[in-house]
**Student:** 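Take this structure first; my questions come after.
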Protein chains: 2
Amino acid sequence: MKPSQGDKDCDRAVPKGRGGGAFLLAQVGAHAASKFAERLAELDLVPAHAGILRILAARPALTQQALAATLGALPSRLVALIDELESRGLLERRPHESDRRSYALHLTEAGKSSLQTIGRIAREHQQILLAALSQEEQQQLAALLQRVADQQGLTPQVHPGYASAERAAPSSKL
Amino acid sequence: MKPSQGDKDCDRAVPKGRGGGAFLLAQVGAHAASKFAERLAELDLVPAHAGILRILAARPALTQQALAATLGALPSRLVALIDELESRGLLERRPHESDRRSYALHLTEAGKSSLQTIGRIAREHQQILLAALSQEEQQQLAALLQRVADQQGLTPQVHPGYASAERAAPSSKL
DNA sequence: TATTGTTATACTCTATAACTATA
DNA sequence: TATAGTTATAGAGTATAACAATA
């Protein structure tokens with residue numbers, strides 16, 4: 001019912017204020033993930049690699065099954081990712097002390113070093129992403145998001161992108 | 001099949017406070033998108049459908065090329081989506097007034113009605129998603145996100161998930 | 001018989017490039 | 001010759017189910 005809309009102003013192509021905080025959250029969140037993946041590509045890593053390294057740093061000797069359960073991912077999906085990390089010397093599969101079927105995953109020194117580099121990249125990424133906000137506002141934003149994340153039952157440090165079931169359309173988000 | 005995983009203290013599995021606001025943004029944003037897609041599935045729609053309907057409501061008579069340009073998507077990707085929406089009677093391809101190669105896309109009455117339903121679902125979704133925050137805090141969050149979105153050059157109402165190049169790994173986010 | 005890590009297969013989604021009909 | 005819409009093909013990524021070794 002709005003036939004009047006001059007096309008001269010592209011910024012007004014779509015009603016601006018609408019959409020609500022939920023859409024903004026999805027939009028800015030996808031942008032953040034995309035930009036971080038871009039930066040991570042400098043190290044020839046994908047976000048899932050970084051996630052595995054981070055989890056392993058906090059919980060050494062994890063088996064692949066336990067790692068899959070933590071991430072909510074399928075064990076078969078992790079095989080290739082772990083293969084790649086191991087072939088680059090960032091982690092190693094050590095024999096499990098009591099169960100010869102499974103491995104104990106451990107970061108190597110190179111893996112720990114790589115994780116620090118990732119941390120530096122993540123901080124740079126965040127600084128660029130949130131450049132519009134003051135330090136105080138950034139903390140304010142993080143606090144609000146943290147409360148939402150807690151109330152929604154999100155696992156700290158685990159990105160929903162691993163979820164097996166209840167998949168959301170890969171790239172058809174809007 | 002979630003046999004729990006040995007650890008009695010899952011919440012402390014990974015250092016909590018860390019990760020920063022950028023990770024929280026990606027995490028909560030992906031969760032928001034996933035939950036919204038879940039709700040939208042009730043209408044047998046994917047988020048991309050809703051995005052097309054929304055753009056078309058604001059800019060009627062758009063050609064498929066112009067729509068693709070607006071969304072940053074490939075024209076070939078839109079064909080199937082538009083087909084589906086047209087076969088459900090939510091929009092129609094009308095002949096372009098001056099160029100017989102292209103179509104003018106218009107929402108039908110059913111399409112406008114469907115868009116209103118989508119709006120209702122979106123509001124319910126947001127209410128559930130941000131239940132941890134007061135009304136004032138929700139506005140505070142939206143204001144902060146809007147400033148980030150503006151500074152980052154994000155197009156209002158357009159989800160980055162359409163982008164053709166600079167793709168981020170579909171589901172290997174973390 | 002159940003479970004760990006792995007592999008094989010089928011399926012989905014996407015990009016690329018052809019194709020047609022107009023311009 | 002160039003462009004709008006469409007279709008065809010190939011590639012990437014995933015889930016599912018099978019598999020061998022061990023419990």
Side-chain angles (χ1 to χ4, degrees), chain A residues 34 37 41 46-49 52 61-87 91-106 159-174, chain B residues 1-6 34 37 41 46-49 52 61-87 91-106 159-174:
Chain A
S34 171
V46 297
H49 287 138
I52 291 174
L62 223 53
T63 66
Q64 296 185 196
Q65 290 286 338
L67 178 59
T70 298
L71 295 175
L74 294 171
S76 59
R77 257 181 79 184
L78 296 183
V79 176
L81 290 166
I82 294 174
D83 281 349
E84 290 155 8
L85 291 172
E86 189 173 35
S87 72
L91 63 77
E92 53 185 7
R93 291 175 165 102
R94 295 186 195 163
H96 192 281
E97 56 181 26
S98 63
D99 188 341
R100 282 189 300 175
R101 292 175 302 180
S102 55
Y103 297 111
L105 300 175
H106 287 272
H159 194 285
Y162 288 103
S164 310
E166 66 177 24
R167 288 293 322 284
S171 184
S172 53
K173 304 282 174 55
L174 173 53
Chain B
M1 287 218 189
K2 293 285 181 183
S4 83
Q5 26 131 348
S34 172
V46 297
H49 287 139
I52 290 174
L62 222 52
T63 66
Q64 296 185 198
Q65 291 285 338
L67 179 60
T70 298
L71 295 175
L74 293 171
S76 60
R77 258 182 78 184
L78 295 183
V79 176
L81 291 166
I82 294 174
D83 281 348
E84 289 155 7
L85 291 172
E86 188 172 36
S87 71
L91 64 76
E92 53 185 8
R93 290 175 166 101
R94 295 186 195 163
H96 192 281
E97 55 182 28
S98 64
D99 187 340
R100 283 189 300 175
R101 292 175 302 179
S102 55
Y103 296 112
L105 300 175
H106 287 273
H159 194 287
Y162 288 104
S164 310
E166 66 178 23
R167 289 291 323 282
S171 185
S172 53
K173 304 283 176 56
L174 173 54

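Residue numbering restarts at 1 for every chain, and letters A, B, ... go by the order of the sequence lines.
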**Student:** Find the distance B:H96:NE2 to D:dT3:P and express it as a whole number of Å.
**Tutor:** 16 Å
**Student:** Can you check the B:I82 CD1 to D:dG5 C1' distance for me, whole Å?
**Tutor:** 10 Å
**Student:** Of all the heavy-atom pairs spanning A:A68 and A:L74, show the shortest one and how long it is.
**Tutor:** CB-C, 4.3 Å
**Student:** Please list, chain by chain and in numerical order, all residues satisfying side-chain hydrogen bond (donor to acceptor under 3.5 Å, both in side chains) with A:Q65, sequence neighbours excluded.
**Tutor:** none
**Student:** Between P on C:dG5 and CD on A:E86, what's the gap in Å once rounded to a whole number?
**Tutor:** 13 Å
**Student:** For B:Q65 and C:dA21, what is the distance between atoms CD and C1' respectively, to the nearest whole Å?
**Tutor:** 14 Å
**Student:** Heavy-atom nearest nucleotide on DNA chain C for A:D83 versus A:S102: which residue maps closer to 5'?
**Tutor:** A:S102
**Student:** Looking at B:Y103 and B:Q64, what are the two nearest heavy atoms and their distance?
**Tutor:** CD1-OE1, 4.0 Å
**Student:** From CD of B:Q64 over to C1' of D:dT3, roughly how many Å is that when rounded to an integer?
**Tutor:** 13 Å
**Student:** What is the distance, rounded to the nearest whole Å, between atom CD of B:E92 and atom P of D:dG5?
**Tutor:** 16 Å
**Student:** Classify every nucleotide of nucleotides 16-23 of chain D by which part a protein heavy atom approaches to under 4.0 Å, writing B for the base, S for the sugar-phosphate alone and - for neither, in 5'-to-3' order.
**Tutor:** B----BBS
**Student:** Rounded to whole Å, how long is the line connecting atom CZ of B:R77 with atom P of D:dT6?
**Tutor:** 16 Å
**Student:** Quick one, A:I52 with A:L91, criterion side chain to side chain contact (heavy atoms under 4.5 Å, CB included). Give me CA distance, side-chain angles, the key distance, then yes/no.
**Tutor:** CA-CA 10 Å; A:I52 291 174; A:L91 63 77; 4.3 Å; yes
**Student:** Using the salt bridge (charged side-chain N to carboxylate O under 4.0 Å, His left out) criterion, which residues pair with B:R93? Sequence neighbours excluded.
**Tutor:** B:D83, B:E86
**Student:** How close or far is atom C1' of D:dT3 from atom OH of B:Y103, stated in whole angstroms?
**Tutor:** 15 Å
**Student:** For A:S102 and A:H96, which heavy atoms make the closest approach, and how far apart are they?
**Tutor:** O-CB, 3.2 Å
